[in-house]
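Working notes, beginning with the structure itself.
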Amino acid sequence: AALPAPDTAGLAAVLKSAVAQGAPGALARIDDHGRTYRVTHGVADRATRRAISTDDRFRIGSVTKTFSAVVLLQLVDEHRLSLDAPVNRYLPGLLPDDRITVRHVLSHRSGLYDYSNDMFASSVSGFEAVRKKVFTYRQLVALSLRKPRTNAPGAAYSYSNTNFVVAGLLIEKLTGQPVRTAYQNRIIGPLKLDDTFYVHPDTAIPGRYTRGYLTPDTAGAPLVDATAQTVSWAQSAGAVISSAHDLDVFYSALLRGKLTSAARLAEMERFTKVNSTTAYGLGLRRRDLTCGVSVYGHTGAVQGYYTYAFSTKDGGRSLTAVANTSNNGKVLDTLAGALESAFCGKRPV
Ligand SMILES: CC1(C)S[C@@H]2[C@H](NC(=O)CCCC[C@H](NC(=O)C[NH3+])C(=O)[O-])C(=O)N2[C@H]1C(=O)[O-]
């Protein structure tokens, strides 16, 4: 059945609410079968008061996980990787359990502890301690292995950034190239994503961007400008920079089967239920909306930036919504309403 028209007034109200709840600015772009909708509210820069634009680049956080998963699924298509092989077959000795497979890692079912839980237990001091640091992938995995596994391999879903750091190690081992090169050659170049970059360990966002502001844990404390950072704590789990246009193109192309074989896309879409509205596949989230529509993509939360980037199953309609703050649960929850406005249309009064 055809989707209802996007509810742009409802989308504007969502962004306005996000700003009222503490985001300096918010943006949303819908690409719907060739027609584009753009909505913004608030500022990209608190000092200059420059209005936020849907053209502004931003840090996409864990939306990066889909980029990493796509590269690995392409390697499966090229018969250079098996999803059900142990990670240790490709990276001998990396993990303490040979039963952990590539599929377990890409579906957050490995049981590998998420080192960021400790790293950011105190949001601002944790961020300031790492914002200029450069980690190796193996240093991040070592941080995780200091803690017990959360579950036996394959036994449960437990979100962990460590999984997609392992994915980055697999990409570099199997392609013989840095993750940056793999993203560029396999995704960014072919799709002409001119606003999309992997600059790690550089701290600057190229070109025109919105600044990002970390909300402190202490109510009323001033926002922290988190724009300049290496994002080395995340890398292949969260360090890509992009734009609303490019993420709409990316998820539409993925779901249209432009980036992997149909068989591999079907593997990405084998979902483990997370809660009543969300399920996780391989580097891909499914969100089930109130109108019965399911959308596919990923969310992102990196210091200073919240992102929702989702598309319909056929890739015909895509939405990217961003708020330039983080560590603000009200804003994260409010921004989820952008999915309802974009894909469920006007709410019955
Ligand atoms: C599951 C999520 C929401 S969290 C996960 C990943 N982001 C992180 O793991 C960053 C955690 C610290 C971010 C920081 N929070 C704190 O410091 C809290 N003490 C903030 O909000 O700026 C990402 O991105 N994912 C989102 C996803 O995949 O949707």
Side-chain angles (χ1 to χ4, degrees), residues 56-78 80-81 87 90-91 94 102 105-106 115-116 130-141 161-209 212 226-247 249-251 253-254 258-260 268 282-284 298 300-305 307 309 320:
D56 286 339
R57 294 164 181 169
F58 53 91
R59 297 185 187 282
I60 72 172
S62 290
V63 176
T64 303
K65 293 179 168 75
T66 308
F67 283 71
S68 297
V70 163
V71 172
L72 289 176
L73 271 296
Q74 289 176 346
L75 291 169
V76 174
D77 273 331
E78 296 161 21
R80 298 163 66 181
L81 176 70
V87 167
Y90 306 102
L91 297 160
L94 178 76
V102 175
V105 160
L106 295 182
Y115 56 82
S116 71
V130 301
R131 68 181 298 169
K132 293 181 180 144
K133 278 194 82 168
V134 180
F135 294 96
T136 66
Y137 288 124
R138 289 178 183 271
Q139 285 172 327
L140 297 174
V141 172
N161 287 300
T162 312
N163 288 316
F164 281 80
V165 169
V166 171
L169 276 165
L170 284 168
I171 289 170
E172 300 208 341
K173 178 70 182 290
L174 294 168
T175 64
Q177 302 166 325
V179 159
R180 176 197 300 221
T181 306
Y183 291 156
Q184 182 63 40
N185 292 350
R186 292 169 170 272
I187 301 172
I188 297 169
L191 294 182
K192 299 181 175 55
L193 303 180
D194 296 337
D195 290 331
T196 302
F197 303 86
Y198 188 83
V199 303
H200 174 271
D202 289 351
T203 60
I205 301 175
R208 173 182 174 151
Y209 58 87
T227 312
Q229 56 175 301
T230 61
V231 202
S232 198
W233 66 265
Q235 294 181 61
S236 46
V240 168
I241 288 160
S242 192
S243 69
H245 166 271
D246 280 11
L247 291 186
V249 170
F250 170 62
Y251 279 108
L254 173 63
K258 306 291 187 200
L259 292 173
T260 68
M268 289 185 86
L282 300 184
L284 191 68
H298 215 288
V302 58
Q303 286 83 0
Y305 303 90
T307 302
T320 297

Problem - Beyond-backbone contact of Val302 with Trp233, side-chain heavy atoms, under 4.5 angstrom - result: yes
Problem - Value rounded to 0.5 Å, distance of CG in Asp246 from CD1 in Ile187 - result: 12.0 Å
Handout entry: Separation of Leu169 CG from Thr136 OG1 (nearest 0.5 Å)
Key = 8.0 Å
Handout entry: For the student: nearest non-hydrogen atoms of Ala204 and Val199, plus distance
Key = O-CG2, 3.8 Å
Exercise for the section: Verify, without hydrogens or angle tests, whether Arg180 (side chain) and Tyr198 (backbone) share a donor-acceptor contact under 3.5 angstrom. Expected result: yes
Handout entry: Tyr305 (side chain) donor-acceptor with Gly212 (main chain) under 3.5 angstrom
Key = yes
Problem - Pairwise side-chain contact, Leu191 with Thr196, heavy-atom cut-off 4.5 Å (strictly under) - result: no
Problem - Side-chain donor-acceptor pair present, Tyr251, Thr320, cut-off under 3.5 Å - result: no
Handout entry: Short side-chain to backbone donor-acceptor contact, Lys65 and His298, under 3.5 Å
Key = no
Handout entry: Nearest-0.5 Å distance, CG of residue Leu170 to CG of residue Leu106
Key = 8.0 Å
Practice task
Check the pair Tyr209, Ser243 against side-chain hydrogen bond (donor to acceptor under 3.5 Å, both in side chains), reporting the backbone distance first and the verdict last.
Solution key: CA-CA 9 Å; Tyr209 58 87; Ser243 69; over 6 Å; no
Handout entry: Rounded distance (nearest 0.5 Å) linking atom OG1 of Thr162 with atom OH of Tyr115
Key = 5.5 Å
Fill in the blank from the handout: Nearest heavy-atom approach of Ile241 to Pro206 is CD1-CD, 4.1 Å
Problem - Under 3.5 Å: donor-acceptor pair, side chain of Thr230, backbone of Lys132 - result: no
Problem - Nearest-0.5 Å distance that lies between atom CG in Leu174 and atom CG in Leu91 - result: 7.0 Å
Handout entry: Side-chain heavy atoms of Gln74 within contact of Leu259, under 4.5 Å
Key = yes
Handout entry: Shortest non-hydrogen contact between Pro201 and Val134, atoms and distance
Key = CB-CG2, 3.7 Å
Problem - Under 3.5 Å: donor-acceptor pair, side chain of Ser68, backbone of Ser236 - result: yes
Problem - Arg59 side-chain N/O to Gln303 backbone N/O, donor-acceptor pair under 3.5 Å - result: no
Problem - CG on Leu254 to CG on Leu284, rounded to 0.5 Å - result: 6.5 Å
Problem - Within-4.5 Å side-chain heavy-atom neighbours: Phe67 and Val179 - result: no
Practice task
May I ask you to test the Ser242-Val63 pair for a side-chain heavy-atom distance under 4.5 Å?
Solution key: no
Handout entry: Smallest separation among heavy atoms of Ala69 and Met268, with atom names
Key = CB-CE, 4.0 Å
Fill in the blank from the handout: All heavy atoms of Ile171 vs all of Ala182, minimum pair found to be CG2-CB, 3.7 Å
Fill in the blank from the handout: When every non-hydrogen atom of Glu172 is compared with those of Pro178, the smallest separation belongs to OE2-CA, 3.3 Å
Exercise for the section: Give a yes or no on whether the backbone of Phe135 and the side-chain of Gln235 come within a donor-acceptor separation of less than 3.5 Å. Expected result: yes
Exercise for the section: Taking Thr64 for its side chain and Val240 for its backbone only, find out whether a donor-acceptor pair lies under 3.5 Å. Expected result: yes
Exercise for the section: Could you walk me through whether Leu94 and Arg138 pass side-chain contact (heavy atoms from CB on, under 4.5 Å), step by step? Expected result: CA-CA 8 Å; Leu94 178 76; Arg138 289 178 183 271; 3.4 Å; yes
Handout entry: Given Val105, Leu282, Leu81, Asp77, the one that forms side-chain contact (heavy atoms from CB on, under 4.5 Å) with Leu72
Key = Leu81
Problem - Residue pairs fulfilling salt bridge (charged side-chain N to carboxylate O under 4.0 Å, His left out) with at least one residue in residues 182-199, sequence neighbours excluded - result: Arg57-Asp195, Glu78-Arg186
